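The structure under discussion appears below in the form of structure tokens.
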Protein chains: 2
Amino acid sequence: MNNLPGHPPGRGPGASVKITDVAARAGVAPMTVSRVLNTPDRVSEPTAARVRAAIEELGYMPNLIAGGLSSRRSRMIAAIVPTIASPMFSAPVQTFTDAMEQAGYHVMLALSGYGAESEDAQIRAVLARRPDGLLLTGAQRSPAIRALLRSANLPVVEIWDTGPEPTDILVGFDHAEMGAAVADFFVRQGHTNFAALCARDPRAILRRQGFVDRVAHHGLTLVAERRLDAPSSIEDGRTGLRQIVGQLAPRTALFCSSDLVAFGAMTEARLHGVNVPEQLAICGFGDFEVARFCSPAITTARVDGGAIGARAAEALLARINGATAESRVLVPFEIIPRGTT
Amino acid sequence: MNNLPGHPPGRGPGASVKITDVAARAGVAPMTVSRVLNTPDRVSEPTAARVRAAIEELGYMPNLIAGGLSSRRSRMIAAIVPTIASPMFSAPVQTFTDAMEQAGYHVMLALSGYGAESEDAQIRAVLARRPDGLLLTGAQRSPAIRALLRSANLPVVEIWDTGPEPTDILVGFDHAEMGAAVADFFVRQGHTNFAALCARDPRAILRRQGFVDRVAHHGLTLVAERRLDAPSSIEDGRTGLRQIVGQLAPRTALFCSSDLVAFGAMTEARLHGVNVPEQLAICGFGDFEVARFCSPAITTARVDGGAIGARAAEALLARINGATAESRVLVPFEIIPRGTT
DNA sequence: AGGGAGATTGATATCGTGAACAACCTGCCG
DNA sequence: CGGCAGGTTGTTCACGATATCAATCTCCCT
């Protein structure tokens, strides 16, 4: 009586058909409409059909804000990553979002850049929306933030890293170990001169450290090195190589913190008349498309970023649904020898 | 009295300090706490200080779900793009999200893949969260969805495309025009033989059509062409070129629907002994990093994806704030001649 | 001193839904 | 035929905040 279908009572005209309107139209209680939408098994078929018809006729669209307030479940997950301009993060975010949507959750995306205090602020901000779960990048958090996360009492999954004390769930791998594996790989190929182009990204720094330590462990040293800004790009790889090309030994093995850097380094090396792989062997990280399909294809330390997102979604959903999910998922990495070594 | 700071009444223990708790602690009404947070100008400084202290002491975190229900403003924007695995969309999403966060909004990300019905479903799903605005990709919508969007009564910005009847705001450019510009560019360089590698993406198809039409308008024709799946990749460019390499004229100009395709085509062409640009001139689209920094750098039709996201955010915020924002923002494109032409 | 404008604070009424419990109805069993 | 179990539907209230209007209080001017 109060609200004709097209003349809602709210401020602007529009989709303000509410559950009570549907209920009135179908001749049932609002709660019954809610049940048709959320727990259809608990409604008799004839009633459900009438309700569905009313929903259709009125163009009713449930208000998940109200539902979330009432049920204290937002059906929303917040994801905080430094950037999605790099495949390193766009890949897991893509698969994670896909998987969560499949399960009826939406993903709120927040970008933290590469500053810790910015991430802290983002965490506080998204918690105000009461997400049902949280995806974070990396495993290094301040005690204050850890306490905040614990008191928020929601499942948290941290990706791309590993560490002694995860906040909750962890999906990643040991970066230092991977760096060491690359060093071993080079040594096995008979290399004795090493160089590195490494971004100032917390995890890239761990990989580099693992690489450098293992090189030292073999009694060998770096002949050249350069740090790059994060997130690092093809251009950084090119300028980085340009700066160290004079210091390279006749046969040097170059460790790069990402495939983009590796691709840039390879491109620049050739322009300087340095043959790849004869004079300069290169290993990247990430198995990005460009590394796989350029020529020669770039040897890389591969971790499936998409798989990380998928496993993170699995673990988070399991935890949300009360299952006792694994709290530490180690994803495998492997070195894929290709044309640059 | 009821709720000691650490012992909230809700289900799980945790951040269930609410605005009434803060109010009690500060000796004010809940409404005053709300004002301290939302309209601090309307509270006297001594009172505000007491409230801020109470917030600090109790670790109060506002519940934006409840606030959103009450104020009918979610402070949230939904963004629906086909994928973020391609820089074509990750770039605008990145800048858009950054800009919206700056303005106090969060961005809910939904991935629609390349199916229209999937996008329709996503639109319905996100509208249930009552976003304050919507970012969509492309300008082709069914009448039903357009009606739904209009009835939802929120600002909508469509990016990456242009058309006669935008739903609301539009930030993009004319793809057919761009395709034609590439044809003109090639013709000006004296080319008479053309080829195309084009993804089955709605906008790539428009660009191709513009290219083909303009080629025909010059009285010339394509000697070879291949369609690729969307989203297309470097690999698609390589396999695509492999399939047409036998049909190429001694001097052919190749139109590619993206820089990734162009890079793949260039890589594959060289492996087949086809010189770039002498025997095969190539023009890509998007000005991706790989095109800029590979060697030779790839001639491309450039549109600043990041700028699209930024302009979209501007326009949406203006509309939200009641300003009479422009409803059609045309972003410029330009052909950047580099080493492949 | 009276009074009105403007600043500050409070009380009340929703916002639209789902949880919890109550009521009813049906059918079957003893 | 009474009563109980199980399925179905309804009633009531709380979720946590903000919009709105009312009530003070202050200050200043005539």
Side-chain angles (χ1 to χ4, degrees), chain A residues 2-3 8-12 14-24 26-51 54-55 58 60-76 127-130 132 152, chain B residues 2-3 8-12 14-24 26-51 54-55 58 60-76 127-130 132 152:
Chain A
N2 305 330
N3 314 326
R11 297 161 189 291
S16 62
V17 180
K18 50 191 87 162
I19 206 169
T20 52
D21 301 328
V22 176
V28 298
M31 193 60 227
T32 300
V33 178
S34 175
R35 275 192 278 253
V36 169
L37 294 169
N38 299 313
T39 53
D41 300 345
R42 301 188 162 193
V43 181
S44 73
E45 184 43 35
T47 307
R50 278 214 323 285
V51 170
I55 288 175
L58 298 178
Y60 170 66
M61 171 169 297
N63 183 329
L64 289 180
I65 300 218
L69 178 60
S70 181
S71 67
R72 267 160 280 185
R73 298 185 51 212
S74 59
R75 298 207 143 273
M76 184 219 84
L127 284 182
R129 296 193 182 269
R130 302 297 189 265
D132 290 341
Chain B
N2 306 331
N3 314 323
R11 298 165 187 289
S16 61
V17 180
K18 51 190 85 162
I19 204 167
T20 52
D21 301 329
V22 176
V28 299
M31 193 58 226
T32 299
V33 178
S34 174
R35 275 192 278 255
V36 168
L37 295 169
N38 299 313
T39 53
D41 299 345
R42 302 188 162 195
V43 181
S44 73
E45 184 43 35
T47 308
R50 278 215 321 285
V51 169
I55 288 175
L58 298 178
Y60 169 66
M61 170 170 298
N63 183 328
L64 260 41
I65 299 217
L69 177 62
S70 182
S71 67
R72 271 162 275 187
R73 297 184 52 209
S74 60
R75 297 207 143 272
M76 184 218 83
L127 283 181
R129 294 190 184 271
R130 301 299 189 264
D132 290 340

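All values derive from a computational prediction rather than experimental measurement. Convention: sequence-line order gives letters A, B, ...; per-chain numbering from 1. These values consider heavy atoms only, across backbone and side chains, with no hydrogens, waters or symmetry-generated copies.
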Work out which heavy atom in B/Val22 is nearest to a heavy atom in B/Val51; give both atom names and the distance.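 Here B/Val22 and B/Val51 meet closest at CG1-O, 4.2 Å.
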Checking only heavy atoms, does the side chain of B/Arg35 share a donor-acceptor pair with the base of C/dG10 at less than 3.5 Å?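 Between C/dG10 and B/Arg35, which were checked side chain against base, a qualifying N/O pair under 3.5 Å is present.
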C/dT17 base / A/Ser70 side chain donor-acceptor hit below 3.5 Å: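 It does, because a donor-acceptor pair links the side chain of A/Ser70 to the base of C/dT17 below 3.5 Å.
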Does the B/Ser70 side chain pair with the main chain of B/Ala66, one donor and one acceptor, at a distance under 3.5 Å?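 Not at all, since once roles are kept as given, no pair shorter than 3.5 Å links the two residues.
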Could you check whether any side-chain N or O of A/Arg50 sits under 3.5 Å from a backbone N or O of A/Ala26, counting only pairs where one atom can act as donor and the other as acceptor? yes
Hey, which sits more toward the 5' end of DNA chain C by its nearest nucleotide, A/Arg73 or A/Leu69? A/Leu69
Euclidean distance, A/Arg73 CZ relative to A/Asp132 CG, rounded to 0.5 Å: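 If we round to the nearest 0.5 Å, A/Asp132:CG and A/Arg73:CZ are 6.0 Å apart.
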How long is the straight-line distance from OG of B/Ser71 back to CD1 of A/Ile65, given to the nearest 0.5 Å?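 Between atom CD1 of A/Ile65 and atom OG of B/Ser71 there are 8.0 Å.
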Over how many whole Å does the gap from [X] atom [atom1] to [N] atom [atom2] extend?
| X | N | atom1 | atom2 | result |
| --- | --- | --- | --- | --- |
| B/Met31 | C/dA7 | CE | P | 17 Å |
| A/Arg75 | C/dG16 | CZ | C1' | 17 Å |
| B/Asn63 | D/dT18 | CG | C1' | 12 Å |
| B/Arg72 | C/dT17 | CZ | P | 12 Å |
| A/Arg129 | D/dC15 | CZ | P | 22 Å |
| B/Leu37 | D/dG16 | CG | P | 16 Å |
| A/Met61 | C/dT17 | CE | P | 12 Å |
| B/Asn38 | D/dA19 | CG | P | 7 Å |

Within the 4.0 Å heavy-atom criterion, would you say A/Ala66 contacts the bases, only the backbone, or no part of the nucleic acid?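 Answer is base: heavy atoms of A/Ala66 come under 4.0 Å of a base.
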Using a 4.0 Å heavy-atom cut-off across all strands, classify A/Pro30 as base, sugar-phosphate, or nothing.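 A/Pro30: no heavy atom of the nucleic acid under 4.0 Å.
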Where the side chain of B/Ser44 is concerned, which of D/dA17, C/dT9, C/dT17 is the nearest nucleotide?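 My answer, after comparing the listed nucleotides, is C/dT9.
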Taking the minimum atom-to-atom distance to the side chain of B/Thr32, which one of C/dT17, C/dG10, D/dT9 wins?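 The listed nucleotide nearest to B/Thr32's side chain is C/dG10.
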Should B/Ser34 be listed as having a side-chain N or O under 4.0 Å from OP1 or OP2 of D/dT18?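 It does, given that an N or O in the side chain of B/Ser34 lies less than 4.0 Å from OP1 or OP2 of D/dT18.
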